[in-house]
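Please read these numbers as outputs of a predicted model, since none were measured by experiment. Chain A is the first sequence line, chain B the second, and so forth, proteins listed ahead of strands; every chain is numbered from 1.
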Amino acid sequence: MIPNAYRSLHCNAIRAEHIGQNVTLAGWVNSARDHGGVIFVDLRDREGLTQVVFRPEENAEVAAQSHDLREEDVIQVTGRVEKRLTGTENVKLDTGAVEVVVSSFNLLNKADVLPFQLDRELSNEDMRMKYRYLDLRRERMNKNIRQRHKITNAARNYLDAQGFIEVETPILSNPTPEGARDFLVPARLSPGKFFALPQAPQQYKQLLMVAGLERYFQIARCFRDEDLRADRQPEFTQIDIEASFIQQNDIISLVEGLLASMFKAGQGIDIPLPFPRMTYQEAMDRFGSDKPDTRFGNEIVDMADVFAKSEFKIFRTTLENGGVVRAINAKGFAGITTGQMIRLNEIAIQAGMKVKQLAFIKVERNEAGVLEYKSPLWKFFGEEEKAALITKLGVEENDIVFFYAGTWEEACNILGRVRLEIADMQEITKGSTALNFLWVVDFPLLAYSPEDQSWVAVHHPFTRPKAEDVPFLDAGEYGKVRAEAYDVVLNGYELGGGSIRIHESDLQSKMFSVLGVTPEEQQIKFRHILEAFKFGAPPHGGLALGLDRIAMLVAGEESIREVIAFPKNNKACDLMTDSPTTVDFKQLRELYVQSTWKEKKKEEVATPSTQA
RNA sequence: GGAGCGGUAGUUCAGUCGGUUAGAACGCCAGCCUGUCACGUUGGAGGUCGCGGGUUCGAGCCCCGUCCGCUCCGCCA
């Protein structure tokens, strides 16, 4: 730290070597302990605490003034560093062996009593957000914000060292034809027209590849006007990366090194490289998710071979009709409560289960010491099936097995969700420090949307189909086409994703056509990119990482709000500034914009009379 | 758009079967206290039980509606 007029040292910098020296400190009164004569003040700045002592015999006037000090007053003190009296050292403080005996002090700013105590946990989220600047004074928030700086810095340094160039792309850009809802900005100088805030710098970064930059990155703010979650904010930050003359493996090892440098900077740990890889198909089959949490087992098991010729008609006919029969063995969860069972079934129904209850087998030892298979299905299974099932699922005492019979998609969705809920109920990952990184590769290129009655891009329309699957694309068998796309996953969170892109104009145009964008629309919305690809676009690809989520996981937090200085609440509002807000009619008129929103009128319904 | 949990003192919470004056801890205010560090100690103030309505002799507690916060589903190329 460079000394200035306010202070010669930070509060946490004072050590035994300073004994005898005069120092000047500035900061906040963390606590004041008034003993009538001597007064102790723990002085806090962003680096830490130092105990300063006001003694009447040192300076009677200053000591008298110190009686009025209250928590969070901002003060400046000058005094002599002394070794603490023997027996009064405080091992909890880095500066606990010394103290500053104050000879002069300035009250820089008096503080009102705070609306909440900084040293106690606070559960009132409105209060935290309304007084976010006070919430950020708390040690936990201070740590999170600074840790975020460290990992961001590490990312910049790493990418710079790898030859990547940081480029800023426009915040005012065009609406995105598909994908998330855009935030719109009226364009005053083009009456009736609108900008959109970028959901991602996707097209710009590809055009930078056409521009010959070869290696680009940006710590980019992105905007999506969708509903919020604990890990989703309407504005968030991506580490956006794009490179030319590069293949999937190159990007994967680049990003592994990047993440390793960030976790090293944030947590001081070395994460093992390389990360395991799994195809999308395998992830869905085993975990029912494209972002599997691999910290625990209870995997989904295919039971087709066991039940192919079963007497149990529901399972057999499901299989005969091209469906699947799959199961999860929840190890040691036979003690599931009625409430938990109800909850699991609710979740399964939400996830698309067509029946009212998940079929199950609960394995418990009865009073006579015999293993019992409690299940509404057990009586329908033949002896061979039972034996095969027990072996295949590794069923033991105190296990409970859940079954689902239906389509592959349903089974993945339902059992994937059930698997996570069971882990939550069993608190399997509670307190775990495991970091299970994973690459999910070979995503499908396209998915059919029954809602839109058309094929939509699973990643985005610029994603390259795998060369060996292009014949399926040509044949119109869109469901079979895999993409050169990859996601990096940590403990069930999607940290980021990317792809090798299309760099040929005709292939890009064909891709748009498959997605239902007519040639006319292509010219209107994508002329710039289709043209650019004709002027010598290099093969390229990239990836974007969610910086907020990474910061959250590094900090061990469960919400990205804890690593964002001024986040929005559930309704995308900022309670501190009361944003968003209404604007004057005049301001709207200048933008040629008119609001159609009307406040709901309170229904003037007569209160039902209770007296006849 | 849907589901769940929550809202009681400044804060964190308790509040039994619907029944006297709604409690505790921390914080706050005042006094005392020269070695504390979650200082101690004596005293004090502080409540629209989110809001509106209903049931009841009586509601923090039961019912209906509504607002706010959080979590999840839908949504998030």
Base, sugar-phosphate or nothing for [X]? Non-hydrogen atoms, less than 4.0 Å.
X        : value
A:Glu57  : base
A:Ala351 : nothing
A:Asn569 : sugar-phosphate
A:Val53  : nothing
A:Glu125 : sugar-phosphate
A:Arg181 : nothing
A:Arg128 : nothing

Partner lookup for [N], please. Criteria are Watson-Crick or G-U wobble with both distances under 3.5 angstrom; report none if nothing qualifies.
N     : answer
B:C29 : B:G43
B:G52 : B:C64
B:U36 : none
B:G4  : B:C70
B:A24 : B:U12

Could you tell me whether the phosphate oxygens of [N], OP1 or OP2, come under 4.0 Å of any side-chain nitrogen or oxygen in [X]?
X        : N     : value
A:Arg33  : B:C39 : yes
A:Arg70  : B:C29 : yes
A:Arg232 : B:G74 : no
A:Lys92  : B:C37 : no
A:Asn570 : B:C70 : yes

A:Arg221: what forms a salt bridge (charged side-chain N to carboxylate O under 4.0 Å, His left out) with it, not counting sequence neighbours? A:Glu235

Report yes if a donor N or O on one partner sits less than 3.5 Å from an acceptor N or O on the other, where the partners are the side chain of A:Arg229 and the base of B:G74; otherwise report no. yes

When only distance counts, do a donor and an acceptor, one from the side chain of A:Glu99 and one from the base of B:G35, lie under 3.5 Å apart? yes

What pairs of residues pass the ring pair (Phe, Tyr, Trp, His ring centres under 6.0 Å) test when at least one of them lies in residues 38-58 of chain A, not counting sequence neighbours?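 Sorted result for residues 38-58 of chain A: A:His35-A:Phe40, A:Phe54-A:Phe105.
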
Below 4.0 angstrom, N of the basic side chain to O of the carboxylate: do [X] and [Y] qualify?
X        : Y        : value
A:Glu410 : A:Lys354 : yes
A:Asp227 : A:Arg232 : no
A:Glu562 : A:Lys143 : no
A:Arg44  : A:Glu71  : no
A:Lys291 : A:Asp487 : no
A:Arg224 : A:Glu226 : no

Can you tell me, in whole Å, how much space there is between the [atom1] of [N] and that of [M]?
N     : M     : atom1 : answer
B:U8  : B:U42 : P     : 30 Å
B:C62 : B:C49 : P     : 16 Å
B:C70 : B:A24 : C1'   : 26 Å

Considering only B:C39, B:C72, B:G69, which nucleotide approaches the side chain of A:Ser31 most closely? B:C39

Would you please classify the geometry between the A:Tyr133 ring and the A:Tyr131 ring as parallel, tilted or perpendicular, with 30° and 60° separating the classes? perpendicular

Might you list the N or O atoms of the protein lying below 3.5 Å from N or O atoms in nucleotides 9-11 of chain B, with each pair's distance?
| from | atom 1 | to | atom 2 | distance (Å) |
| --- | --- | --- | --- | --- |
| B:G10 | O2' | A:Pro115 | O | 2.5 |
| B:G10 | N2 | A:Gln117 | OE1 | 3.2 |

A:Arg84 or A:Cys573: which one's nearest nucleotide on RNA chain B is closer to the 5' end?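 It is A:Arg84, whose closest nucleotide lies nearer the 5' terminus.
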
